[in-house]
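Have a look at the structure below before the remarks.
Just so you know, ligand 1 is whichever comes first in the structure, and atom 1 is the first atom listed for that ligand. Here, residue 1 is the first one in the sequence, and each next residue gets the next number.
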Amino acid sequence: MLPRHIAIIMDGNGRWATQRFMPRIAGHKAGVDSVRKIVKACVEKKIEVLTLWAFGNENWKRPQQEVSFLMNLMTSMMENEIKKIHEENIQLHIIGDRSRLDKNLQQKIAQAEQLTANNSGLKLIIAFSYSGYWDITEAMRKIAVEIQENRITPTDISPELIQQKLALANFPDPDLFIRSSGEQRLSNFLLWNLAYTELYFTNVFWPDFDVAELEKALLFFASRERRFGATSEQLQAGQYA
Ligand code: FPP
């Protein structure tokens, strides 16, 4: 079975470049090629949703030059790759704290989302200036405002309500999580939405992550039995189909 939603931490660009005596930003450039390949493969496999973490809230503390490079890369993707994305019938969404991005990038993101909003193919979500703490904090703030405005009461708070306030409110939770480069951490990525996700780790650095590596992750996923808290026997009896 294929996952409906794949979420990826594209890690190891810096180490890939350092191993080759190249500047870290060369690793990010090579990482973009992997992004293109993996997006194309997901379109071909008719995966419903693909979430890629391109910049974390914690990444703001990286050297100024690297932050600028990643900001320019994102801006250039919104300007130059958006036509191709649109032609591929991809619906693009950006999740994260936009208030920290410069006005020009905010505008480019809004335009790109608007252009592709009615596309019916792959839903491509780029997490940019995103962290799980930020997402949950924003959700709490929205709920607090609704209580303050007497639209709901504290007893209305439920996992479903919280889910509706998160950045992925309109998407199914990820079925498969992939992290490249050998680290086995969530690093403050999608904390709430990964509760029942199958976790796949590979030692390959992101610039070397190609379609063959994606196939390995999909094979791993196909071999898992997802019980969501039930027992194997209950699942086989079709009780939670
Ligand atoms: C993690 O590797 C990677 C990032 C923080 C950036 C990811 C960005 C891309 C793959 C480019 C795609 C860009 C867009 C806008 C879609 P790292 O730098 O932490 O590597 P290291 O752990 O080896 O230092």
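Of the protein's non-hydrogen atoms, Ala54 O, 3.3 Å is the one closest to atom 6 (C) of ligand 1. Atom 4 (C) of ligand 1 has its closest protein heavy atom at His28 CE1, 3.8 Å. Scanning the protein heavy atoms around atom 14 (C) of ligand 1, the nearest turns out to be Met77 SD, 3.4 Å. Atom 13 (C) of ligand 1 has its closest protein heavy atom at Leu73 CD2, 3.9 Å. Shortest contact from atom 10 (C) of ligand 1 to any protein heavy atom: Asn13 ND2, 3.3 Å.
Ligand 1 lies within reach of Arg24, whose nearest heavy atom is under 4.0 Å from it. Ligand 1 is approached by Gly12 to a heavy-atom distance shorter than 4.0 Å.
In this structure, Asn188 contributes its side chain and Ser131 its backbone to no donor-acceptor pair below 3.5 Å. With hydrogens and angles disregarded, no donor-acceptor distance shorter than 3.5 Å links the side chain of Asn72 to the backbone of Phe69. A donor-acceptor pair is defined here as one N or O able to donate and one able to accept, closer than 3.5 Å; such a pair exists between the side chain of Thr202 and the backbone of Val204. Judged by distance alone, with hydrogens and angles left aside, the side-chain atoms of Thr116 form no donor-acceptor pair with the main-chain N or O of Asn119 at under 3.5 Å.
Arg4 pairs with exactly one of Asp175, Leu176, Asp173, Ile47 by the side chain to side chain contact (heavy atoms under 4.5 Å, CB included) rule, that one being Asp175.
Geometric assessment of Arg20 against the ring of Trp16 yields a positive cation-pi assignment under the 6.0 Å and 45° thresholds.
At under 3.5 Å, a nitrogen or oxygen of Asp11, whether backbone or side chain, sits near a nitrogen or oxygen of ligand 1. On a distance-only criterion, Asn59 and ligand 1 share no N/O pair closer than 3.5 Å. Backbone and side-chain nitrogen or oxygen atoms of Trp16 are examined, and none is located within less than 3.5 angstrom of a nitrogen or oxygen of ligand 1. Close N/O approach between Trp53 and ligand 1 is not found [any backbone or side-chain N/O within under 3.5 Å]. Here's the thing with Gly14: one of its N/O atoms is less than 3.5 angstrom from an N/O atom of ligand 1.
Here Trp206 has side-chain heavy atoms under 4.0 Å from ligand 1, and that is the only part of it that gets that close. Residue-level proximity to ligand 1 for Met10 is carried by backbone and side chain together, each with a heavy atom below 4.0 angstrom. With a 4.0 Å heavy-atom cut-off, ligand 1 is reached by the side chain of Arg62 but not by its N, CA, C or O.
Between Trp60 and Phe55, the distance separating the two ring centers is shorter than 6.0 angstrom.
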Could you go through the side chain to side chain donor-acceptor pair (under 3.5 Å) check for Glu225 and Ser232 one step at a time?
CA-CA 8 Å; Glu225 179 190 62; Ser232 208; 2.8 Å; yes
Verdict with reasoning, Thr51 to His5, per side chain to side chain contact (heavy atoms under 4.5 Å, CB included):
CA-CA 8 Å; Thr51 299; His5 184 170; 2.7 Å; yes
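Within a 6.0 Å sphere centred on CG of Asn80, other residues, nucleotides and ligands contribute more than 12 heavy atoms.
Within ligand 1, the atoms closer than 4.0 Å to a non-hydrogen atom of Arg15 are 21 (P), 22 (O), 23 (O), numbered from 1 in the order shown.
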